[in-house]
Amino acid sequence: MANPVPATHSGEPNSQDYIDRHKLNAILYKALTDQNGSHVLRCCRSLPGEGPFAIITIHQDTVLHMACYSKQRDLALRLLELLDSDPILNRRLAETKNDVGNTVLHEVATNNSMIEVAIEILKRAPELLTSRNVLGETPLFWAVRERQNVRSTGWRA
């Protein structure tokens with residue numbers, strides 16, 4: 001299930017909002033690929049109502065998805081801290097999926113270096129453990145498939 005178009009995005013390709021949003025997405029994506037965590041955090045703080053859930057790829061991946069996918073543990077943990085100040089954003093953690101239904105927990109499940117992030121995500125949204133993507137795969141399945149140390153996370157089905 002894809003996320004809805006962000007409220008700050010007008011949907012009209014020639015509108016200034018649309019252009020500004022795509023510029024910001026490019027800046028965020030570049031900061032992520034450059035592993036410039038402080039810049040990513042500044043950008044996320046400038047997006048009220050979205051923050052780490054700002055969609056930045058054509059596959060509906062959020063900033064948090066991309067930080068987790070690219071194994072940026074410290075950045076992912078700091079992005080999760082941004083949720084503490086906004087209960088609505090914190091609830092979005094359990095609801096946000098990319099276009100193939102992967103949650104941020106799916107993204108961290110494939111690498112032992114992200115165990116601390118997985119634990120923090122599960123503390124906030126334990127229901128993600130059984131969340132299925134479009135292929136019916138859970139994050140736990142991904143971890144087992146990748147032969148990760150599932151026991152060390154405390155994950156339980």
Side-chain angles (χ1 to χ4, degrees), residues 1-11 17 20-21 24-25 27-33 35-134 136-143 148-150 152-157:
M1 170 172 40
N3 294 325
V5 175
T8 58
H9 182 280
S10 72
D17 283 349
D20 290 346
R21 183 50 188 247
L24 180 59
N25 287 355
I27 290 167
L28 270 166
Y29 191 85
K30 174 108 173 76
L32 276 160
T33 57
Q35 297 193 6
N36 186 343
S38 61
H39 194 74
V40 171
L41 289 164
R42 273 194 308 275
C43 288
C44 286
R45 285 187 192 107
S46 75
L47 294 168
E50 291 182 84
F53 298 115
I55 297 169
I56 60 168
T57 73
I58 62 170
H59 300 290
Q60 304 295 307
D61 290 304
T62 66
V63 174
L64 187 54
H65 273 97
M66 293 302 295
C68 292
Y69 175 79
S70 59
K71 313 302 182 226
Q72 295 183 54
R73 182 184 62 85
D74 293 338
L75 175 58
L77 289 169
R78 302 242 354 245
L79 288 168
L80 287 168
E81 287 174 7
L82 292 179
L83 306 182
D84 292 338
S85 62
D86 189 334
I88 294 170
L89 280 182
N90 202 42
R91 282 193 298 273
R92 286 185 60 188
L93 182 60
E95 301 164 359
T96 302
K97 296 182 176 189
N98 65 13
D99 67 350
V100 293
N102 291 337
T103 67
V104 293
L105 191 58
H106 281 89
E107 302 301 345
V108 302
T110 60
N111 190 293
N112 277 338
S113 71
M114 299 297 283
I115 287 174
E116 189 177 349
V117 178
I119 291 168
E120 185 59 33
I121 290 169
L122 286 168
K123 284 179 187 175
R124 295 167 180 273
E127 63 272 28
L128 286 180
L129 187 59
T130 56
S131 180
R132 296 182 182 275
N133 64 16
V134 297
E137 301 164 334
T138 65
L140 185 57
F141 172 81
W142 276 35
Q148 299 309 314
N149 187 353
V150 175
S152 68
T153 65
W155 293 12
R156 302 282 184 262

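The side chain to side chain contact (heavy atoms under 4.5 Å, CB included) test applied to Phe141 returns Glu137, Thr138, Arg145, not counting sequence neighbours. Residues that satisfy the side chain to side chain contact (heavy atoms under 4.5 Å, CB included) test with Asp20, not counting sequence neighbours, are Gln16. Checked against salt bridge (charged side-chain N to carboxylate O under 4.0 Å, His left out), Lys30 has the following partners two or more places apart in sequence or in another chain: Asp34. Residues meeting the side chain to side chain contact (heavy atoms under 4.5 Å, CB included) test with Ile88, sequence neighbours left out: Asp86, Arg91. Here Ser131 pairs with Lys97, Thr103, Leu128 under the side chain to side chain contact (heavy atoms under 4.5 Å, CB included) rule; sequence neighbours left out. Residues passing the side-chain hydrogen bond (donor to acceptor under 3.5 Å, both in side chains) test with Thr57, sequence neighbours excluded: Asp61.
Screening residues 37-47 for side chain to side chain donor-acceptor pair (under 3.5 Å) gives Asn36-Ser38, His39-Arg42 as the qualifying pairs, with residues at least two apart or on separate chains. Listed by first and then second residue, the salt bridge (Lys or Arg N to Asp or Glu O under 4.0 Å) pairs involving residues 65-75 are Arg73-Glu116 (not counting sequence neighbours). Applying the salt bridge (Lys or Arg N to Asp or Glu O under 4.0 Å) test to every pair with at least one member in residues 100-112, sequence neighbours left out, gives no pairs at all. Residues in residues 104-133 take part in these ring-ring contact (aromatic ring centres under 6.0 Å, His included) pairs, two or more places apart or across chains: His106-Trp142.
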Would you be so kind as to tabulate the donor-acceptor pairs closer than 3.5 Å made by side chains of residues 76-85, with sequence neighbours excluded?
from: Asp84; atom 1: OD1; to: Arg124; atom 2: NH1; distance (Å): 3.0
from: Asp84; atom 1: OD1; to: Arg124; atom 2: NH2; distance (Å): 2.8
from: Ser85; atom 1: OG; to: Leu82; atom 2: O; distance (Å): 3.2

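The shortest distance between side-chain heavy atoms of Leu47 and Arg21 falls below 4.5 Å.
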